[in-house]
**Q** 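Sending over a structure as structure tokens; questions will come in a sec.
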Amino acid sequence: MAEALGVDLGTLQGWESGRRPLANVKAGALLTLRRRLGVLGADAVVVGLLDSAMDADQIIGAALGTDGFGLHPLASWVHTRDTAHMVAWALNGVTPPALRNRLPRPRRGPASPAPLLGAADRSLFFAHLREVAEAARRPGGGALLHRQALYLASYDRSAEAASWMAHALHARRGALARRGWSEHWAEARSTATAWPV
């Protein structure tokens, strides 16, 4: 596979294991990689999800302290549903809907069925999101960052998280009480989607 893609075996293994984030590949090399994958017969839907997967890597990397950029990725763009599904896959092992029935057959030997983060990393990820959501509530903290951190924090099903989420959502209950159009519709939507079911 490495030879067909025109990359070093160590590079391919780094991508597969997550040691080398695909997001670190130069734009031109990534474009070439996408085209080669298509020529080699890769599923176009899976190749199309590379952007969402790289966005998820950046969000997770920011929370785990492995990315060295200044602006938090949750503050710089509205992540897509596919990105949220990729993040959730790493957090709780639920296969993204776009990948159901598209995953390869299991390999021989030990192989993880999902790119699931370890318990310590999941705990660190959620602690980071709660901290970011709290900091972003302060004036000048960033409404987008707050809303998106709150939404992703809702994936944590621990007792501590449930208590924190109930408090955080209770503080935003006024957003849900509004009827009709409001300049606060984005806040209301984020609050409604983060509310535990």
**Q** Between His79 (side chain) and Ala84 (backbone), is there a donor-acceptor pair under 3.5 Å?
**A**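 Looks like no, no N/O pair under 3.5 Å.
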**Q** Can you check whether Trp89 reaches Val94 side chain to side chain, under 4.5 Å on heavy atoms?
**A**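 Of all side-chain heavy-atom pairs linking Val94 with Trp89, none is under 4.5 Å.
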**Q** Report yes or no: does Arg122 contribute a side-chain atom to a donor-acceptor pair with the main-chain N or O of Leu117 at less than 3.5 Å?
**A**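 Yes, Arg122 side chain to Leu117 backbone: donor-acceptor pair under 3.5 Å.
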**Q** Without hydrogens or angle criteria, can the side chains of Gln148 and Trp77 be said to hold a donor-acceptor pair below 3.5 Å?
**A**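 No donor-acceptor contact under 3.5 Å links the two side chains.
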**Q** Could you measure the distance from the CE atom of Met86 to the CG atom of Leu99? Nearest 0.5 Å is fine.
**A**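 One finds 4.5 Å between CE of Met86 and CG of Leu99.
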**Q** Give me the atom names and distance for the closest heavy-atom approach of Ala4 to Arg36.
**A**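 Heavy atoms only, the tightest pair is O-CD, 3.8 Å.
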**Q** Is Leu74 close to Leu152 at the side-chain level, that is, under 4.5 Å between some pair of heavy atoms?
**A**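 Touching, per the 4.5 Å side-chain cut-off.
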**Q** Would you confirm whether Arg100, through its side chain, and Thr95, through its main-chain N or O, come within 3.5 Å as a donor-acceptor pair?
**A**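 Side chain of Arg100 to backbone of Thr95: a pair is present.
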**Q** Provide the closest heavy-atom pair for Leu124 versus Ala63 in the form atom of the first, atom of the second, distance.
**A**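 For Leu124 and Ala63, the tightest heavy-atom pair comes out as CG-O, 4.2 Å.
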**Q** Which pair of non-hydrogen atoms, one from Leu12 and one from Ala2, has the smallest distance, and what is that distance?
**A**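 Taking every non-hydrogen atom into account, CD2-N, 3.5 Å.
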**Q** Does one hydrophobic cluster hold both Val46 and Trp15, with members joined at side-chain heavy-atom distances below 4.5 Å?
**A**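 Val46 and Trp15: separate clusters.
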**Q** Donor-acceptor pair, Ser154 side chain versus Tyr151 backbone, under 3.5 Å?
**A**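 Judged by distance alone, yes, a pair lies under 3.5 Å.
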**Q** Looking only at non-hydrogen atoms, find the nearest pair between Ala75 and Leu145 and report the distance.
**A**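 The pair with the smallest heavy-atom distance is CB-CB, 3.8 Å.
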**Q** Rounded to the nearest 0.5 Å, how far does CG of Leu49 lie from CG of Asp43?
**A**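 It comes to 8.5 Å.
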**Q** Rounded to the nearest 0.5 Å, how far apart are CG of Asn24 and CG of Leu30?
**A**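 One gets 11.0 Å once the value is rounded to the nearest 0.5 Å.
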**Q** Are Val78 and Met54 linked, directly or through other ILVMFWY residues, by side chains that come within less than 4.5 angstrom of each other?
**A**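 The answer is no; the residues belong to distinct hydrophobic clusters.
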**Q** Looking at every heavy atom in both Val132 and Ala149, which two are closest together, and how far apart are they?
**A**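 Nearest heavy atoms, Val132 then Ala149: CG1-CB, 3.9 Å.
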**Q** Using the rule given for side chain to side chain contact (heavy atoms under 4.5 Å, CB included), can you reason through Leu91 versus Leu116, listing the C-alpha separation, both sets of side-chain angles and the distance that settles it, and then say yes or no?
**A** CA-CA 6 Å; Leu91 296 174; Leu116 194 60; 5.8 Å; no
**Q** Under the ring pair (Phe, Tyr, Trp, His ring centres under 6.0 Å) test, which residues partner His128, sequence neighbours left out?
**A**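 In terms of ring pair (Phe, Tyr, Trp, His ring centres under 6.0 Å), with neighbours along the sequence ignored, His128 is linked to His72.
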**Q** When you measure from the side chain of Gln58 to the backbone N and O of Pro73, does any donor-acceptor pair fall under 3.5 Å?
**A**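 Side chain of Gln58 to backbone of Pro73: no pair is present.
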**Q** Any side-chain to backbone donor/acceptor pair from Thr11 onto Val7? Under 3.5 Å, distance only.
**A**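 Not at all, since once roles are kept as given, no pair shorter than 3.5 Å links the two residues.
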**Q** First locate atom CG of Asp82, then atom CG of Leu50, and finally report the distance between them rounded to the nearest 0.5 Å.
**A**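 Between atom CG of Asp82 and atom CG of Leu50 there are 11.5 Å.
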**Q** Do Arg34 and Asp51 meet the salt-bridge criterion of a basic N to acidic O distance under 4.0 Å?
**A**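 Yes, this pair counts.
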**Q** What about Leu5 and Leu9, same hydrophobic cluster or not, with Ile/Leu/Val/Met/Phe/Trp/Tyr joined at side-chain heavy-atom distances under 4.5 Å?
**A**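 No, because Leu5 and Leu9 fall into different hydrophobic clusters, even though each may have its own neighbours under 4.5 Å.
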**Q** Quick test of your reading of the model: are Asp156 and Arg130 salt-bridged, counting only N-O distances below 4.0 Å?
**A**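 Looking at Asp156 and Arg130, the cut-off is met.
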**Q** Kindly work out whether a path of hydrophobic side-chain contacts (I/L/V/M/F/W/Y, heavy atoms less than 4.5 Å apart) joins Val45 to Leu22.
**A**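 Not linked; separate clusters.
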**Q** Could you state the interatomic distance from CD1 (Ile60) to CG (Asp55), rounded to the nearest 0.5 Å?
**A**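 These two atoms lie 11.0 Å from each other.
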**Q** Measuring only between side-chain heavy atoms, which start at C-beta, is Leu129 closer than 4.5 Å to Tyr155?
**A**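 Heavy-atom side-chain distance check fails, nothing below 4.5 Å.
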**Q** For Ala56 and Val87, work out which heavy atoms get closest and say how close.
**A**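 Nearest heavy atoms, Ala56 then Val87: CB-CG2, 3.6 Å.
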**Q** CG of Leu144 to OG of Ser76: how many Å apart, nearest 0.5 Å?
**A**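 Here the interatomic distance stands at 8.0 Å.
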